[in-house]
Asks: 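Here it is: the structure, laid out below.
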Amino acid sequence: MKNYKLDTLCVQAGYTPKTGESRIPPIYQSTTYYYEKTKDMADLFDLKSDGYFYSRLSNPTVAAFEGKVAALENGVCAIGCASGMSATTLAVFTVAGAGDNIVSSSAIYGGTYNLFAITLPKLGIECRFFNPDAPAEEIEKLIDGNTKMIFTETVANPAIVVLDFDKIAGIAKKHNVLFAVDNTLATPALCRPKEFGAHLVIHSSTKYLDGHAAALGGVIVDLGNFNFKNNARYQSFNKPDESYHGLVYADLPVAFGTKCRAQMIRDMGAIMSPQNAFISFIGCDTLALRMERHSKNAEKIAKFLSEHPKIEWINHPSLKNNRYHKLAQKYMPNGQGGMMSFGIKGSVDKCAAFMEALNLITQETHVADVRSCVLHPASTTHRQLSESDLKAAGVPHNLIRLSVGIENAEDIIEDLAQALEKV
Ligand SMILES: *Cc1c(COP(=O)(O)O)cnc(C)c1O
């Protein structure tokens, strides 16, 4: 499938039926699989052959979704997880253990920030945060012999910081460190991190991939372009795994993906369910179309808000005066997605008054689905963060996050206009 264009892959990749089989992937609602011969099953346990034996490790419906996302990101292997958070957690655990560290942008999703700043240190994994706007020399200083991953988001949620891929890819290359990108808000329809030097892509498929707010899910995509072999940083890839008869992951064609599934999914079990994989799979069919509309709508709405007298500031990379406009033109030239944030002039109470006056646009924790919605992060998703942490995450107190849906842009604008009038 690799030669097809992205919109074709959205529709066609991941599942090809044989004659007489169902046209779209059936939901294999089964925990287990039947084999006639003992040896067939033994080979599966030893990773000597491909197939299914227990749905905690793999399932045909989940595999269809994994195949589709792997194709969309041009990766060699994808792993479906229970949620975006479990995908990030398992990706970190695949490379890092107690005594190691990861280096991460500070402009990231609130849940990921908590995982990195609070939970991972309890397990002995330190996270060193950097300001995404900092020069390479400053970011580089955080890397030492125990650094196992550089973590970033293509478009940061909710700060809408666009990743400077060249800067981070340069650092990753120089120090031979795995470069991981959470591509949730850009999606492969707008940006494929592999083209800009990333080695690993993580998604919360809960957002645009599913697109309909119907199923939680996460995906890890091994892009197959990082060499773990004899890299002193990655001892655990170069030493035999005693739980698999001495398998050395760095010797395999799919090193990261195999280790992640064989160890992390096996031991932690945060796998995607077949039902959620099915929903996410059919969601991806329309991904390219939806991202085009989300981006076009957002462009019109950003323009409207930027000209409105009650708006103090607005942040969407489509705007020429936006700080990340140039980076967005370089890495996501065909559309910048539906996520934007803005601040209403005056006190914080105005945020609540505005949001409650909206009719079409609803208040939700969710983002990145077909319906337009708003959120005030400082009083919800980012509640746990102190004022200085909020600042570091790029979330001022009057920030309203707007996830622009695929409704008619005129209706969305009309709703915003009438609510602003009431503030
Ligand atoms: C939502 C989100 C996550 C977490 O995903 P869940 O599916 O909610 O666990 C991670 N990263 C980004 C950028 C997100 O928007």
Side-chain angles (χ1 to χ4, degrees), residues 62 65 69 73 78-93 102 104-120 127 129 132 149 151-163 180-191 193 198 200-221 268-273 275-277 279-280 283-284 287 291 294 317 324 332 336-341 364-369 373-375 377 380-382 384-385 393-395 399 401-405:
V62 179
F65 175 62
V69 180
E73 291 288 6
I79 294 166
C81 301
S83 64
M85 286 314 303
S86 59
T88 303
T89 306
L90 295 179
V92 172
F93 285 174
I102 60 167
S104 170
S105 166
S106 57
I108 51 174
Y109 176 67
T112 311
Y113 191 89
N114 285 333
L115 169 69
F116 288 179
I118 312 286
T119 301
L120 289 185
C127 181
F129 290 102
M149 178 188 279
F151 183 92
T152 57
E153 292 181 11
T154 311
V155 177
N157 180 9
I160 334 273
V161 171
V162 179
L163 177 61
V181 178
D182 180 332
N183 199 31
T184 300
L185 292 191
T187 83
L190 302 180
C191 176
L200 196 74
V201 162
I202 295 165
H203 277 280
S204 164
S205 61
T206 316
K207 314 292 167 50
Y208 285 127
L209 297 190
D210 160 28
H212 299 78
L216 271 155
V219 205
I220 302 167
V221 189
M268 307 203 178
I271 193 79
M272 181 177 258
S273 74
Q275 180 76 38
N276 282 355
I279 292 168
S280 311
C284 283
L287 179 70
M291 293 317 292
H294 281 295
Y324 300 103
M332 332 168 49
Q336 293 78 43
M339 294 290 303
M340 65 179 66
S341 57
E364 280 169 46
T365 331
H366 203 253
V367 293
D369 70 70
C373 59
V374 284
L375 181 79
T380 53
T381 47
H382 284 57
Q384 286 85 352
L385 270 60
V395 188
L399 181 148
R401 182 178 71 185
L402 169 61
S403 173
V404 176

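Just so you know, ligand 1 is whichever comes first in the structure, and atom 1 is the first atom listed for that ligand. Every value quoted in this text rests on a predicted model; they were computed, and no experiment measured them.
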Asks: Measuring from F65:CZ to M272:CE, what's the distance to the nearest 0.5 Å?
Replies: 4.5 Å
Asks: Looking only at side chains, do S86 and T89 share a donor and an acceptor under 3.5 Å apart?
Replies: no
Asks: Taking the inter-plane angle between the rings of F116 and F151 on a 0 to 90° scale, is it parallel (under 30°), tilted (30 to 60°) or perpendicular (over 60°)?
Replies: perpendicular
Asks: Going by side chain to side chain donor-acceptor pair (under 3.5 Å), name the residues that satisfy it together with T187, two or more places apart in sequence or in a different chain.
Replies: none
Asks: Quick check for students: name every N or O atom pair between ligand 1 and the protein closer than 3.5 Å, with distances.
Replies:
residue	atom	partner	partner atom	Å
ligand 1	5 (O)	S204	OG	2.9
ligand 1	7 (O)	G84	N	2.8
ligand 1	7 (O)	S204	OG	2.8
ligand 1	7 (O)	T206	OG1	2.6
ligand 1	9 (O)	G84	N	3.1
ligand 1	9 (O)	M85	N	2.9
ligand 1	11 (N)	D182	OD2	2.7
ligand 1	15 (O)	N157	ND2	2.9
ligand 1	15 (O)	K207	NZ	2.6

Asks: Please determine whether side chain to side chain contact (heavy atoms under 4.5 Å, CB included) holds for the pair Y208 and M339, giving the CA-CA distance in whole Å, both sets of side-chain angles, and the decisive distance to 0.1 Å.
Replies: CA-CA 11 Å; Y208 285 127; M339 294 290 303; 4.0 Å; yes
Asks: At their closest point, which heavy atom of N276 faces which heavy atom of L216, and how far apart are they?
Replies: ND2-O, 3.2 Å
